[in-house]
Amino acid sequence: MELSKNFNPATAEVHWTQHWRAKRYFNSKPDHRQPFTVVIPPPNVTGVLHMGHTLNETVQDILVRKARMSGFNACWVPGSDHASIATEAKVVQMLEKEKGIHKADLSREEFLKYAFEWKDKYGGIIYNQIERLGCSVDWDRVTFTMDDHYYKAVIKVFIDLYEKGLIYRGARMINWDPSAKTALSDEEVEYKEVQGKLYHIRYPLENGGELVIATQRPETIMGDTAICVNPEDPRYANLQGAYALVPLINRRIPVIFDTYVDPAFGTGALKVTPAHDINDYNLGLKHNLEVVDTLNDDGTLSEAAQIYIGTDRFKARKLIVAELEEKGFLIKAEDYHTRVGYSQRTGVVVEPKISTQWFLKMREMAEPALNAVLSGDIRIHPGDKFLATYRYWLENVKDWCISRQLWWGQQIPAWYNSDGVCVVAADRAGAVKAFAEKGISVEESAVTQDADVLDTWFSSWLWPMEVFNGITEPDNEEFKYYYPTSVLVTGQDIIFFWVARMVMAGMEYQQERPFRDVYFTGMVRDKQGRKMSKSLGNSPDLLELIDKYGADAVRFGIMISSPAGNDLLFDESALEQGRNFNNKMWNAAKLIQLWKEKATDVAAPSGDAWAHRWFETRLMEVRVEVEQLLAQFRLSEALKTIYSLIWDDFCSWYLEWIKPGFGEPMSNSSLQQCIRFFESLVQLLHPYMPFITEEIYHALSERKDGDDLCMLQFPSVEVQVAALENNAARAVLAEGQLLKNIISGLRDARNKAQLKPKETVSLFIDSPDRDQYTAIRVILSRQVNAASVEFTGEAIAQSITAVIGKERFYLQTEQPLETGNQKEDLLKELEYLKGFLASVEKKLGNERFVSNAKPEIVEMERRKQQDAEGKIKVIEESLATM
RNA sequence: GGGAGCAUAGCUCAGCUGGUUCAGAGCAGCUGCCUUACAAGCAGCGGGUCCGCGGUUCGAAUCCGUGUGCUCCCA
């Protein structure tokens, strides 16, 4: 097979994607094997994959491919999420822009038709990206959170929880998004630090005098229903039973007393606006205050405000401040730092608002979810970094507002008769029955369904179950086989939204955790450390990156710069490193291809057998290491280890060691051994870089149908651990290290003596152990470009001297040389060793060290001492001859 | 205001249970090479008070306290 000059990622990606798909390698069916199940965190159907997704999907694919190659029946379920607010907003926008249609003019059914069309169009974009990245998902199992069975599951769960008394309807202070005109959960509000103003406003008292309050929101004064002061505050002790008048509208409101008010803050007098502030709301409940809601759903002032009706809240603030000032009510406005809540979905300032919504009681569900993690039943990675966050949230959880004033989503299965009596049932007929049970007789046509839909997270919390129909058909075989899933990979930012709630749902419906391990990845940031976001426009386009560098390089780049759980600064130079790595492996494959052409049955050179043994041992060593790293989810470290094994040990050392000399043939047996090693290497790397490894695997040998790398099973690790546990293995690794040190040292010596690479030398070795050179002598001579290698017992005059460990080397050249540099180097080394020896001797001279430290540590120090003494002796002798 | 985390080479970070694989990697830098797999490369080199201070210990980048500076989460 002829190999092209460079690896061509695009061709390989298309070819192997099709091949794997045609072979149905990634389609899973329950069988006798142990399952390894992963459900993808469903991306929003509106979006495109950003770098955060790329990191997530790559991590999942690595785990899934590794499991598939390790005897597991791997099943990775892809899908997407209907993202109710975000999608509805986009569809509304599209309809207005492209078709001039307003949502208000459409029926619910008509709107949903457009929404589904949108979903079909944009859902495909995400799936295409997942495929281009090389993700080994089971495409037969694609699930969407609005699929029919999924919809039914959500409704079923709602009804069930309602019947258990965990879901209730009530008027509460909620977060209102005036742009999307819907309620939000607490988790959907993002707080930002802003520079605001604190306005000091004068309220006249009914019986003369005045009271000054401080507020950040003067546009809400028309909703005031009391002024509150601290009962301990001497300034206001005389105000018992007093009434004040709200400026501009002259509403009469009582002065109330509560220790809630901090006398030191502002003026010590608080205006109470129960409809527009959560604390005021609670105060209002306590003191039985009237609630005056002065805002409309869209954020403009309502009739109840009496003035500026229909004006936007922020514009109204300016106008009211101006009027207050003009009429002498405004005393001053001072700068003030505060935090303001913004809607995560639409970005507008969230308005606290009293509203009748559906809630899910969380306390009962939180406990089993917390225990599942605290008991170790679910393991959170990395380490316990996020355990504290998880715990804190669950211990302080508040009821979950699950209704949204939208159309795109599962419509709440609650029904009302003309009197506003409410029942919960799956359908209209069921509702009539439910009314009948309450003793209310009503016609089907007279029943109206609740107009609202459920929060998207109220559907995605069922994800690990319902992708296998685990809610709709809890007894089905697939669900029993695949659930609980093995590992969930997601971002730390949705620990509450999603992870904790999935655990709740799993514990509630299966009395079992939804996943064994949770792996939290960090945030992807740009080079300047900013979070990647659409608004900043600093997130690169995934498909463009794949086109430019290849999917393998993208995967490599994002993994190599991704320490477990920490944020990573995304930099294209990491992708370049990945592309270069591709190139390196490709060239190694080309070299082997060349060897194949000139391979004969000649006996292998004497160094080859040793080189094979050495590399085989290194390979086993790395296999064991990688296995341990992966078990700890240290994927980045594992990749670095494999990278260095391939680039340094295999390409830079091993291939050079077995490379035939000038015009010499390649021995067939050596070549076959080398090919086997390369196969093992691409196998090890395959989970990280699937395309190039599969390509090289097939380039190395003709493969039978069905012999593909993605299904090649890893050898048992136990066997390798055992193989490493013997002296021969340890010895060959030590020899390899020695050889590398000597080669580097001699090359350095050559460089410092300014010898040209092509210039040959005669090498003389003065060693206490000449036997250790038997196997590596040939390799050594080639690697340092020595025409001859001989042993000597004494110094060679007029040569370059190098001392490496206890070994002394002399490089003899044609021309006489300058030895000043070497002497300096040796003196420097001598000085270091003497200092080192002194520190070791000091330690050993310390009575307490010898008696307290572990025996093996003391023993090691003794060896260090001897070692250093030996080296010093060798250097001193060398210096004496110079 | 409450909680969590981070600070190591010019940059981005490893460094698990204190002790020669303790001061590491990758980029960047410098020197020399277009050596018949690879210049997207090869060979070699330099570079750090492990944030400051105190403590525990025979021994601290590592454990504890504290100060400073950043980051995130929550109210």
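Worth saying up front: this structure is predicted, and the values here are computed from it rather than measured. Chain naming here is simple, since letters A, B, ... match the order of the sequence lines and numbering starts at 1 in each. Below, each value reflects all heavy atoms present in this structure, side chains not excepted, and no hydrogens, waters or symmetry copies.
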Review point. Is any side-chain N or O of A:K584 closer than 4.0 Å to OP1 or OP2 of B:C42?
Key: yes

Practice item. Identify the residue among A:W614, A:F677, A:F678 that makes a ring-ring contact (aromatic ring centres under 6.0 Å, His included) with A:Y654. Key: A:F677

Review point. Just to confirm, is there a sub-4.0 Å distance from OP1 or OP2 of B:U36 to any side-chain nitrogen or oxygen of A:W595?
Key: no

Practice item. Could you state the atom-to-atom distance from CG of A:N580 to C1' of B:A39 in whole Å? Key: 11 Å

Practice item. Give none if B:C42 has no partner; otherwise give the nucleotide forming a Watson-Crick or G-U wobble pair with it, both distances under 3.5 Å. Key: B:G32

Check your understanding: Taking the side chain of A:D748 as its heavy atoms from C-beta onward, which of B:C38, B:C74, B:G44 lies nearest to it?
Key -> B:G44

Check your understanding: Applying a 3.5 Å limit to both distances, which nucleotide forms a Watson-Crick or G-U wobble pair with B:U12?
Key -> B:A25

Check your understanding: When you check the phosphate oxygens OP1 and OP2 of B:A40, does a side-chain N or O of A:N582 lie under 4.0 Å from one of them?
Key -> no

Study note, to complete from the structure: Among the nucleotides B:A43, B:C74, B:C27, whichever has the atom closest to the side chain of A:Y392 is B:C74

**Study point:** Check: A:V524 and A:T54 side chains under 4.5 Å, non-hydrogen atoms
**Key:** no

Practice item. Would you kindly say whether A:Q783 and A:W657 are connected by a side-chain donor-acceptor distance under 3.5 Å? Key: yes

Check your understanding: Under 4.0 Å between a side-chain N/O of A:R579 and OP1 or OP2 of B:G41, yes or no?
Key -> no

Practice item. Would you please confirm or rule out a distance under 4.0 Å between OP1 or OP2 of B:A14 and any side-chain N or O of A:S636? Key: no

**Study point:** Short side-chain N/O contact to B:G32 OP1/OP2 from A:K756, under 4.0 Å
**Key:** no

Point to revise | Pairing partner of B:G69 (Watson-Crick or G-U wobble, both distances under 3.5 Å) | key: B:C6

Review point. How far does the C1' atom of B:G67 sit from the matching atom of B:G47, given to the nearest Å?
Key: 30 Å

